[in-house]
Amino acid sequence: MSDDPLTPPSQKSAPDRTTRRTAAVIPAAGRGVRLGPGAPKALRALGGTPMLIHAVRAMADSRAVSLVVLVAPPDGAAEVKTLLDAHALPERTDFLVVPGGDSRQESVRLGLEALPPEYDIVLVHDAARPLVPVDTVDAVIEAVREGAPAVVPALPLADTVKQVEPAAAPGDPEAVVATPDRSVLRAVQTPQGFDRAVLQRAHATVTEHVTDDASMIEQLGLTVVTVPGHEEAFKVTRPLDLVLAEAVLARRRLNDGF
Ligand code: CTP
Ligand code: MG
C-alpha cells in the first residue's frame, strides 16, 4: 500500500487507517422490566426472530465488523449460543458469547474482557436497538477511524424538554424549574464507537454517574463526537415500542418484495 502512487501522502501517514479491526459488543443481559413480564427482553421475538439476532445481524451487516461479542443474560449463555447456531449469520463474522452482569456497565465490561487483542475499534450496541440500519453503523466506525476516541449517533429532540424538581411520589405534580434550549440537546443511540484502549481505560477508572458508554469517556476529559442517528435505531423499552418495531419490519419486508 505504501508504494501505491495513487494514495495521497496524507493517507499514507495515517496510522493503520485501513487495517484497524473492529468488534461489536452487544449487551443483551437485561431483564426488560419495563417491557412487562416474560422472557429476558433480548430473547423476545420480533417478526418471529429473537431481538438479539436482529441486533447481531445489524452489526454483522457492516463489512468492517469481524467479531460480535454477545453478552447474554447471566444464566442464558447456553441458550444464546443455541440461538446463534440456529440462525443464518454472515460467514465472515466471528461470534463469542459471555454471561453478563447486574448492570449494563458491568455487562459491557465483561464483554470487553472477552475481546481478543487484535481488535482496536469497539462498538457497543444495545440488543434493545435491533433495527439500526447498517449506514449508521458504518458512519460510527468511519468517525472512529478518522481519529475520534468516542462517537455516538444522535438525533435532535422532537419534544420540548423541562427540567423539574422531582416529586417525592411517582405521579405527583412536579415544579418546572427550567426549559433547556432544545437546539443544543441531542438524544443519543447506539452503536457507540470507541478506540478500544480508551474505552478499556474508562471502564477501569470511571465508576460513577455512568449513563452511557460515551459519558465515561467524557469523564476522562476526552472529546466525544456525534454522527447522525436514525429513527429506526430507537430502543425497544416499553410495549408500544414492540408495535413500532413490528411495523418497521413489516415495511422492510414489503420494500424487499419490490
Ligand atoms: N443490559 C445488560 N445487562 C444489564 C442490564 C442491561 O446487558 N444488567 C442491556 C440490555 O439487555 C439492553 C441494553 O443493556 O440491550 C439497554 O438496557 P435497557 O434498554 O435498559 O434494557 P433492560 O435493562 O433489559 O430493560 P429494563 O431497564 O426495562 O429492565
Ligand atoms: Mg435497564
Side-chain angles (χ1 to χ4, degrees), residues 23-47 49-60 65 67-81 83-84 87 95-115 122-133 136-137 140 152-155 170 187-194 199-200 202-203 206-217 229-246 248:
V25 172
I26 301 184
R31 289 267 355 140
V33 171
R34 287 169 290 179
L35 207 50
K41 180 160 74 177
L43 301 181
R44 299 207 208 179
L46 281 181
T49 302
M51 206 177 303
L52 68 83
I53 297 293
H54 287 283
V56 167
R57 285 182 175 151
M59 296 300 103
V65 173
L67 172 69
V68 175
V69 179
L70 254 168
V71 187
D75 54 358
E79 185 178 353
V80 166
K81 279 187 188 134
L83 283 175
L84 284 178
H87 290 85
F95 300 95
L96 286 174
V97 179
V98 298
D102 287 341
S103 67
R104 183 183 180 284
Q105 187 188 7
E106 175 81 355
S107 293
V108 172
R109 189 180 60 73
L110 291 165
L112 287 176
E113 280 175 6
L115 272 189
V122 186
L123 304 180
V124 180
H125 180 61
D126 292 330
R129 298 181 188 271
L131 303 180
V132 60
T136 307
V137 181
V140 169
V152 298
L155 287 177
V188 304
Q189 305 177 318
T190 73
Q192 300 189 351
F194 303 91
L199 185 60
Q200 274 184 321
H203 271 270
V206 178
T207 54
E208 302 207 335
H209 310 297
V210 174
T211 54
D212 64 351
D213 303 284
S215 70
M216 303 170 78
I217 309 301
H230 196 286
E231 60 180 359
E232 292 181 5
F234 66 94
K235 186 152 72 77
V236 175
T237 305
R238 297 179 189 83
L240 190 61
D241 300 320
L242 288 175
V243 179
L244 182 59
E246 294 288 356
V248 170

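All ligand and atom numbering here is 1-based and tracks the order in the structure.
Look at Gly100 and you'll find every heavy atom at least 4.0 Å from all atoms of ligand 1. Not close to ligand 1: Ala42, with no non-hydrogen atom less than 4.0 angstrom away. Distances shorter than 4.0 angstrom do not occur between any heavy atom of Thr237 and any atom of ligand 1.
At a threshold of 4.5 Å between non-hydrogen side-chain atoms, the residues Leu155 and Gln189 count as touching. At least one side-chain heavy atom of Leu123 sits less than 4.5 Å from a side-chain heavy atom of Val137. At least one side-chain heavy atom of His87 sits less than 4.5 Å from a side-chain heavy atom of Pro50. Within the 4.5 Å cutoff, the side chain of Val140 has no heavy atoms near those of the Gln192 side chain. Contact of the Val236 side chain with the Arg129 side chain is not registered, since no non-hydrogen atoms from C-beta on lie closer than 4.5 Å.
Closest to atom 13 (C) of ligand 1, if we only count protein heavy atoms, is Asp126 OD1, 3.3 Å. In terms of protein heavy-atom proximity, atom 8 (N) of ligand 1 is closest to Gly101 O, 2.9 Å. The protein heavy atom nearest to atom 21 (O) of ligand 1 is Lys41 NZ, 3.2 Å. When only non-hydrogen protein atoms are considered, atom 23 (O) of ligand 1 lies nearest to Gly30 CA, 4.0 Å. Considering only non-hydrogen protein atoms, atom 9 (C) of ligand 1 sits nearest to Pro27 O, 3.6 Å. Looking only at protein heavy atoms, the nearest one to atom 24 (O) of ligand 1 is Gly32 N, 2.9 Å.
Not one N or O on the side chain of Glu106 forms a donor-acceptor pair closer than 3.5 Å with the backbone of Gly100. Panel note: side chain His125, backbone Val25; no donor-acceptor pair is recorded below 3.5 Å.
Of all the heavy atoms of Ser103, the ones lying under 4.0 Å from any atom of ligand 1 belong exclusively to the backbone. Under 4.0 Å from ligand 1, heavy atoms of Ala29 appear from its side chain as well as its backbone. The part of Lys235 lying near ligand 1 is the side chain, judged by heavy-atom distances below 4.0 Å.
Using a 4.0 Å cut-off to heavy atoms of Ser107, the atoms of ligand 1 that qualify are 2 (C), 3 (N), 4 (C), 7 (O), 8 (N). Ligand-side atoms of ligand 1 in range of Val33: 26 (P), 28 (O), 29 (O), range being under 4.0 angstrom from any heavy atom. Per-residue contacts place Arg34 under 4.0 angstrom from the following atoms of ligand 1 (heavy atoms of the residue considered): 18 (P), 20 (O), 26 (P), 27 (O), 28 (O). Of all atoms in ligand 1, numbered sequentially from 1 with element shown, those under 4.0 Å from a heavy atom of Asp102 are 8 (N). Of all the atoms in ligand 1, the ones that sit under 4.0 Å from a non-hydrogen atom of Ala28 are 7 (O), 11 (O). Of all the atoms in ligand 1, the ones that sit under 4.0 Å from a non-hydrogen atom of Arg31 are 24 (O).
Nearest approach of Gly111 to Val69, heavy atoms of both residues: O-CG1, 3.9 Å. The nearest pair of heavy atoms linking Pro74 to Ala29 is CD-O, 4.1 Å.
Only one option out of Leu112, Leu96, Val98, Val124 pairs with Val71 in a side-chain contact (heavy atoms from CB on, under 4.5 Å); it is Val98.
Checked against a 3.5 angstrom limit, the closest N/O atoms of Val236 and ligand 1 fall outside it. For ligand 1, none of its N or O atoms has an N or O atom of Val71 under 3.5 Å away.
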Discussion item. Please determine whether salt bridge (Lys or Arg N to Asp or Glu O under 4.0 Å) holds for the pair Asp213 and Arg104, giving the CA-CA distance in whole Å, both sets of side-chain angles, and the decisive distance to 0.1 Å.
Written reply: CA-CA 10 Å; Asp213 303 284; Arg104 183 183 180 284; 2.9 Å; yes
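In summary, the side chains of Thr136 and His230 do not present any donor paired with an acceptor at a separation below 3.5 Å, with no hydrogens or angles considered.
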